[in-house]
Amino acid sequence: MSFTKIDHYEREYADHHHDSALSVTEGVADQPIVNPHFVRKKRRSLSTEEYVKGILAGDITTLSQAITLIESCNPAHYAQAQEIIERCLPHAGRSVRIGITGVPGAGKSTFIEAIGNTVTSLRHKLAVLAIDPSSERSGGSILGDKTRMESISANPDVFIRPSPSAGSLGGVARKTRETIVLCEAAGFDVIFIETVGVGQSETAVHSMVDLFMLLQISGAGDELQGIKRGIMEMADLMVITKADGENVRKAELARTQFQGALRLFPVPESQWRPRVYTCSSVSGAGLEEVWKGVEEFLDHTQANGFFRHNRNRQNKYWMYETIDQTLRNSFYRDPRIEGEIAALEGQVLGDKLSSFVAAKRLLDLYFGGKPE
């Protein structure tokens with residue numbers, strides 16, 4: 001038995017039954033998904049002057065494009081970004097920089113959204129720079145902070161910019177610091193920097209903010225003991241989140257315990273004793289007290305001169321950090337090094353050469369010396 005396509009039977013039936021309502025008419029051919037006449041217009045590149053003018057005017061689109069230049073790995077983009085930053089630098093520095101971190105599940109994004117509404121209600125302009133963790137396998141990031149912060153993402157006084165960590169905390173920290181300069185030049189006087197979570201990123205963020213805020217949850221128990229000396233010593237304010245409903249009593253208990261633990265630490269250089277607050281990002285309870293604590297900290301550090309001292313120290317730190325990073329990138333991108341490093345690595349792995357001798361040969365080659 002031979003099998004024939006169904007359209008063969010349809011045509012045969014239609015030939016013998018012309019008056020039938022079941023006759024099949026030829027359809028229209030499938031149309032292309034993309035308009036064949038569509039031509040993608042290449043976006044015109046802005047000049048440095050146009051970037052600076054747009055940023056100083058508070059144009060969010062221009063600001064976003066300038067930040068994209070900062071994050072780009074293209075050397076030409078990097079050169080233009082540095083020129084933009086230099087032009088914007090005299091207009092920066094007049095903001096409050098606040099780092100916000102916390103254990104996973106502490107509700108960092110929800111807290112930022114809630115207190116962001118409080119900040120903008122006081123006629124401040126808020127920029128939220130969120131460092132989003134990248135996948136170690138795919139290298140991708142969700143960058144979902146705008147989705148989480150729905151109520152403030154449409155606020156004209158709020159700018160939210162998530163950035164992928166891309167596996168390089170040092171690199172993203174430098175780019176975040178440069179982004180702060182542009183946001184300040186654009187007129188944002190409060191900058192929130194949300195970190196990846198408890199880990200190495202906190203140290204980098206701590207070196208670029210005026211106030212470091214740690215979010216905690218009640219009932220975490222002994223799991224916190226391992227991070228107390230590292231993270232808690234950096235905190236200027238601690239906030240116990242999710243203090244609502246049946247969790248209010250637990251949050252107050254946690255507040256008492258943390259406040260007692262903080263008293264055991266030596267007084268920081270700022271001479272400010274860190275305080276612990278409770279709040280609910282859902283009901284809004286305690287948010288005004290948290291922001292009042294921020295203002296009291298700023299008043300205290302500005303009065304005793306620590307605020308300016310800390311800014312100067314950070315500027316010095318980032319100067320040397322940038323030198324180290326630039327030298328590192330230049331070293332590994334040098335064609336002479338790229339041609340030799342694989343061979344020397346093979347000798348090290350084959351126990352034919354020590355790691356130190358191999359490193360010295362590469363450094364001598366890079367700095368113009370003669371390898372041994």
What is the minimum heavy-atom distance between L126 and G116, and which atoms define it?
-> CD2-CA, 3.7 Å
Take atom CD in E288; do more than 12 heavy atoms of anything else shown fall under 6.0 Å from it?
-> no
Indicate whether the side chain of S95 and that of E184 have a donor and an acceptor atom separated by less than 3.5 Å.
-> yes
Between A106 and I217, which heavy-atom pair has the shortest distance, and what is it?
-> CA-CG2, 3.6 Å
Got S72 and T68 here, is their nearest side-chain heavy-atom distance under 4.5 Å?
-> no
If you draw a 6.0 Å radius around CD in E86, do more than 12 non-hydrogen atoms from other residues or ligands fall strictly inside?
-> no
Roughly how far apart are N310 CG and M208 CE, rounded to 0.5 Å?
-> 12.5 Å
Option from H77, K175, Q80 for which side-chain contact (heavy atoms from CB on, under 4.5 Å) with I70 holds = K175
OG of S281 to NZ of K108: how many Å apart, nearest 0.5 Å?
-> 12.0 Å
Salt-bridge test for K316 and E321: reply yes if a basic N is under 4.0 Å from a carboxylate O, no otherwise.
-> no
In short, G54 meets T62 closest at the heavy-atom pair CA-CG2, 4.0 Å
Does the side chain of E194 come under 3.5 Å of the side chain of S109 through a donor N or O and an acceptor N or O?
-> yes
How far apart are the closest heavy atoms of F265 and R273, and which atoms are they?
-> O-NH1, 3.0 Å
Separation between CD of Q216 and CD of Q257, rounded to the nearest 0.5 Å | 11.5 Å
If you measure from the Lys or Arg side-chain nitrogens to the Asp or Glu carboxylate oxygens, is any gap between R161 and E71 under 4.0 Å?
-> yes
Could you walk me through whether I98 and V209 pass the side-chain contact (heavy atoms from CB on, under 4.5 Å) check?
-> CA-CA 5 Å; I98 301 174; V209 298; 5.9 Å; no
Any Lys/Arg nitrogen of R311 or D210 sitting under 4.0 Å from an Asp/Glu carboxylate oxygen of the other?
-> yes
Should R361 and E340 count as an ion pair when the cut-off is N to O under 4.0 Å?
-> no
pair R275-E296: side-chain heavy atoms closer than 4.5 Å | yes
Quick one: do D364 and K360 make a salt bridge, cutoff under 4.0 Å?
-> yes
Donor-acceptor pair, Q259 side chain versus P274 backbone, under 3.5 Å?
-> yes
Side-chain H-bond candidate by donor/acceptor type, T101 with T195, under 3.5 Å | yes
Note, L63 side chain near F188 side chain (heavy atom, < 4.5 Å) = yes
Any luck finding a side-chain donor-acceptor pair between S270 and D236 under 3.5 Å?
-> no
Nearest 0.5 Å please: distance from the CD1 atom of I55 over to the CZ atom of R87.
-> 10.0 Å
Would you give the length of the straight line joining atom OG1 of T48 to atom NZ of K53, rounded to the nearest 0.5 angstrom?
-> 14.5 Å
Can you find a heavy atom in the side chain of C88 that is under 4.5 Å from one in the side chain of Y51?
-> no
Give the minimum heavy-atom separation between C279 and V239, together with the two atoms involved.
-> SG-CG1, 3.6 Å
How far apart are the closest heavy atoms of L182 and A66, and which atoms are they?
-> CD1-CB, 3.8 Å
Answer yes or no: are there more than 12 heavy-atom neighbours, outside R313 itself, under 6.0 Å from its atom CZ?
-> yes
Report yes if the side chains of L237 and W272 come closer than 4.5 Å at any heavy-atom pair, otherwise no.
-> yes
Side-chain donor or acceptor of R94 paired with backbone N/O of H91 under 3.5 Å = yes
Do you know which of Q325, E178, R177 makes side-chain contact (heavy atoms from CB on, under 4.5 Å) with W318?
-> R177
Establish, from distance only, whether the side-chain atoms of H309 and E269 form a donor-acceptor pair under 3.5 Å.
-> yes
